[in-house]
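Worksheet: the structure to be examined is printed underneath.
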Amino acid sequence: MSETEINLPDNFIHEIIRKDLEAGKNGGAVKTRFPPEPNGYLHIGHAKSICLNFGTAQKFGGKFNLRLDDTNPVKEDTEYVESILEDVKWLGADWEDRFFHASDYFDQMYEYAVQLIKMGKAYVCELSEEEFKEYRGTLTEPGKEPPGRKRTIEENLDLFERMKAGEFPDGSKVLRARIDMASPNIHMRDPAIYRIRHADHHNTGSKWCIYPLYDFAHCLEDAIEGITHSICTLEFEIHRPLYDWILNTLDTPCKPQQIEFARLNLTYTVMSKRKLLELVKTGLVNGWDDPRMPTICGMRRRGIPASAIRDFCETIGVTKFNSLTEIELLDHCVRDDLNKSARRAMAVMNPLKLVIDNYPEGQVEEVETVNNPEDPAAGTRKVPFSKTLYIERDDFMENPVKQFHRLAVGKEVRLRSAYFVTCTSFVKDENGEIVELHATYDPATKGGNASDGRKVKGTIHWVSADQSLEAEVRLYDKLFTVPDLSAIPEDADWKSYLNPESLKVAKCRIEPGLAELPPGTHVQFERIGYFFSDPKDHSKEHPVFNRTVALKDSWSKIVKKA
RNA sequence: AACCCUGUGGUGUAAUGGCAGCACAAGUGGUUUUGGUCCACUUAGUUCAGGUUCGAGUCCUGACAGGGUUGCCA
């Protein structure tokens with residue numbers, strides 16, 4: 001048992017594998033795969049599957065394949081292939097040289113289908129779609145024998161050959177497995193395994209006009225690749241008898257085992273490809289990589305590290321229970337990761353001018369401050385300090401409540417890494433709004449410590465008015481206003497539950513060094529939250545920061561209680 | 001409706017017939033040059049009814065609840 005194995009908790013799938021290994025199944029091999037269909041972008045739910053499949057292979061010293069499940073040319077597109085590769089790689093799942101396409105196996109699948117026909121276990125059926133349904137029966141009534149079921153092997157071979165040759169129009173015929181029209185499991189009632197589609201395929205071009213269906217194709221893909229444990233989501237559970245039937249009927253290189261787990265559901269978001277596509281298509285979000293999206297690329301652009309996603313996937317576990325995970329757990333994993341890794345900086349969201357009356361006019365000094373108190377190796381930096389600063393509007397109260405530890409007339413606070421200042425007065429404009437604060441500083445508190453040992457309760461952040469720069473911040477919040485989208489009324493439009501405040505664009509004042517950060521850099525704005533210089537839009541001339549997640553805020557709870 | 005799967009604190013999970021534990025969330029207190037982090041503590045759980053057993057969250061039966069299946073999608 002390796003050291004990593006001890007550290008990672010087992011889930012029920014690992015238990016199955018462990019037993020298989022002990023029983024000597026598969027010659028001690030463990031091989032998994034992630035088989036996305038290239039018809040959409042990957043999301044956090046896929047990340048769960050990727051982490052599970054890759055993590056399982058790693059845990060047992062096995063192999064992990066990446067395979068595009070591209071058996072339906074009319075739904076799939078190369079547009080998605082690139083993003084899938086990028087996202088899986090970014091998440092850290094390494095398929096080495098094992099990147100495959102289901103369509104790479106079309107020749108073999110065709111041969112397997114011919115085999116089935118020769119065994120009398122498959123036949124060509126020319127029922128229309130409507131008739132097909134009629135013959136299939138219902139959940140409560142058995143199906144009845146389709147006319148084509150009695151056809152001879154020779155006829156079936158000939159017909160299937162001609163289907164392949166393009167002699168028949170789309171939908172006029174299918175190849176069906178001959179199993180049991182009376183099975184209580186509808187998927188076993190002679191399922192279609194090949195359909196005619198005169199469509200170009202993104203990988204095989206115009207070579208084929210017949211394409212295998214999922215149930216026939218997937219188990220064969222697994223078998224061809226030598227997959228030992230084929231992990232999929234719960235909705236395929238009822239397909240498992242068919243998966244096994246095909247592998248047991250045909251002489252395949254191996255007999256992979258399908259194991260189902262519950263897909264991830266997260267509060268305040270949607271995971272369905274259809275809905276995500278609709279959000280993109282209708283412009284309700286700004287593309288697949290909109291940081292509000294639960295897509296991998298959206299989360300990446302928001303500033304969520306791959307390591308945090310991996311940690312999250314490890315934390316939620318793997319079961320067959322249909323659960324709804326709170327988004328707060330993801331937030332926790334993100335904060336936990338970024339707390340250790342993100343350098344700190346000061347930025348003022350709602351600037352209020354603070355003039356230090358006893359500070360020399362025109363003087364600018366540089367104060368030294370730590371880049372990350374959690375990581376001494378991150379070093380220190382210099383931040384310009386001067387007579388006129390900006391502080392956070394919320395850090396001053398005209399009539400301070402009892403527990404308020406920040407600025408008010410007569411109160412002393414520490415300006416982070418700089419000096420103690422005491423507020424002396426404030427200025428209001430004609431509307432009664434506070435526009436300026438006046439204070440005095442104590443030169444003996446440079447760096448933020450009093451030589452006489454006196455303490456202050458509050459420490460606030462600041463930027464120098466003249467030296468600070470303007471930046472754009474994009475403040476992201478929950479995509480939806482309700483936690484459980486599956487619980488909304490049937491007749492309601494799910495889009496009407498979108499959170500109108502899921503994105504707020506604002507201006508802020510940043511310490512000058514922040515503009516120099518390259519795009520795609522994590523940073524904590526102290527006392528505010530974790531931000532990420534936007535990979536596409538951030539530049540030195542026009543700094544743009546995405547709020548990844550806000551810092552935990554216990555002050556707001558105190559306020560709420562009072 | 002028929003068949004299949006699943007039910008452990010508010011949420012996500014652990015227990016492999018033997019003291020129901022962990023994390024998140026919530027709350028209280030402490031530390032702190034971020035009302036962040038960190039530390040300590042508190043609240044709170046085996047869906048129900050039978051059965052097997054010295055002993056059941058775990059095994060059996062039934063009920064109840066939730067989910068899936070009824071595409072020539074995956």
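Convention: sequence-line order gives letters A, B, ...; per-chain numbering from 1. The shown structure was predicted, so the numbers you read here are calculated from the model rather than taken from an experiment.
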Check your understanding: Between A:R67 and A:D222, is the closest basic N to carboxylate O distance under 4.0 Å?
Key ->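 Result for this pair is yes, salt bridge flagged.
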Point to revise | salt_bridge(A:E365, A:K382) N-O dist < 4.0 Å | key: no
Review point. Counting distance only, does the side-chain N/O of A:T204 pair as donor-acceptor with the main-chain N or O of A:H201 below 3.5 Å?
Key: no
Check your understanding: Counting distance only, does the side-chain N/O of A:H405 pair as donor-acceptor with the main-chain N or O of A:Q403 below 3.5 Å?
Key -> yes
Any luck finding a side-chain donor-acceptor pair between [X] and [Y] under 3.5 Å?
| X | Y | value |
| --- | --- | --- |
| A:N203 | A:D104 | yes |
| A:N39 | A:E37 | yes |
| A:E225 | A:Y105 | yes |
| A:D70 | A:H202 | yes |
| A:R527 | A:H461 | yes |

Review point. How far, in whole Å, is B:U61 from B:U52 if one measures between their C1' atoms?
Key: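 11 Å, rounded to whole Å.
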Check your understanding: Rounding to the closest angstrom, what is the interatomic distance between B:C38 and B:U13 at atom P?
Key -> 24 Å
Contact class for [X] (heavy atom, under 4.0 Å): base, sugar-phosphate, or nothing?
| X | answer |
| --- | --- |
| A:G448 | base |
| A:S556 | nothing |
| A:L415 | nothing |
| A:E141 | nothing |
| A:F404 | base |
| A:Q524 | base |

Check your understanding: B:G36 phosphate, OP1 or OP2: any side-chain N/O from A:S554 under 4.0 angstrom?
Key ->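 A:S554 to B:G36 OP1/OP2: side-chain N or O found under 4.0 Å.
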Check your understanding: Is any side-chain nitrogen or oxygen of A:R406 closer than 4.0 Å to OP1 or OP2 of B:G35?
Key ->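 No, because none of the side-chain N or O atoms of A:R406 sits under 4.0 Å from OP1 or OP2 of B:G35.
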Starting at atom [atom1] of [X], determine the distance to atom [atom2] of [N], rounded to an integer number of angstrom.
| X | N | atom1 | atom2 | answer |
| --- | --- | --- | --- | --- |
| A:Y243 | B:C4 | OH | P | 22 Å |
| A:L551 | B:C38 | CG | P | 11 Å |
| A:W555 | B:U34 | CH2 | P | 16 Å |

Point to revise | Whichever of A:P373 and A:K19 has its nearest RNA chain B nucleotide further upstream toward 5' | key: A:K19
**Study point:** RNA chain B: 5'-proximal contact among A:D395 and A:T140 (nearest heavy atom)
**Key:**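 First, find each residue's nearest nucleotide; the 5'-ward one identifies A:T140.
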Point to revise | Pair assignment for B:U32, Watson-Crick or G-U wobble, requiring both distances under 3.5 Å | key: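 The base-pairing partner of B:U32, which may sit in any strand shown, does not exist here.
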**Study point:** Protein-to-nucleotide contact annotation, 5' to 3' order, nucleotides 22-27 of chain B [B base; S sugar-phosphate only; - none; under 4.0 Å, heavy atom]
**Key:** --BSSS
Check your understanding: Just by protein heavy atoms under 4.0 Å, how would nucleotides 67-74 of chain B read 5' to 3' in B, S and -?
Key -> SBBBSBBB
Review point. Is the base of B:G71 syn or anti, where syn means the angle lies within 90° of 0?
Key: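 Syn for B:G71; the angle stays within 90° of 0.
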Practice item. Evaluate the ring planes of A:F160 and A:Y110, with Trp represented by its six-membered ring, and classify them as parallel (under 30°), tilted (30 to 60°) or perpendicular (over 60°). Key: parallel
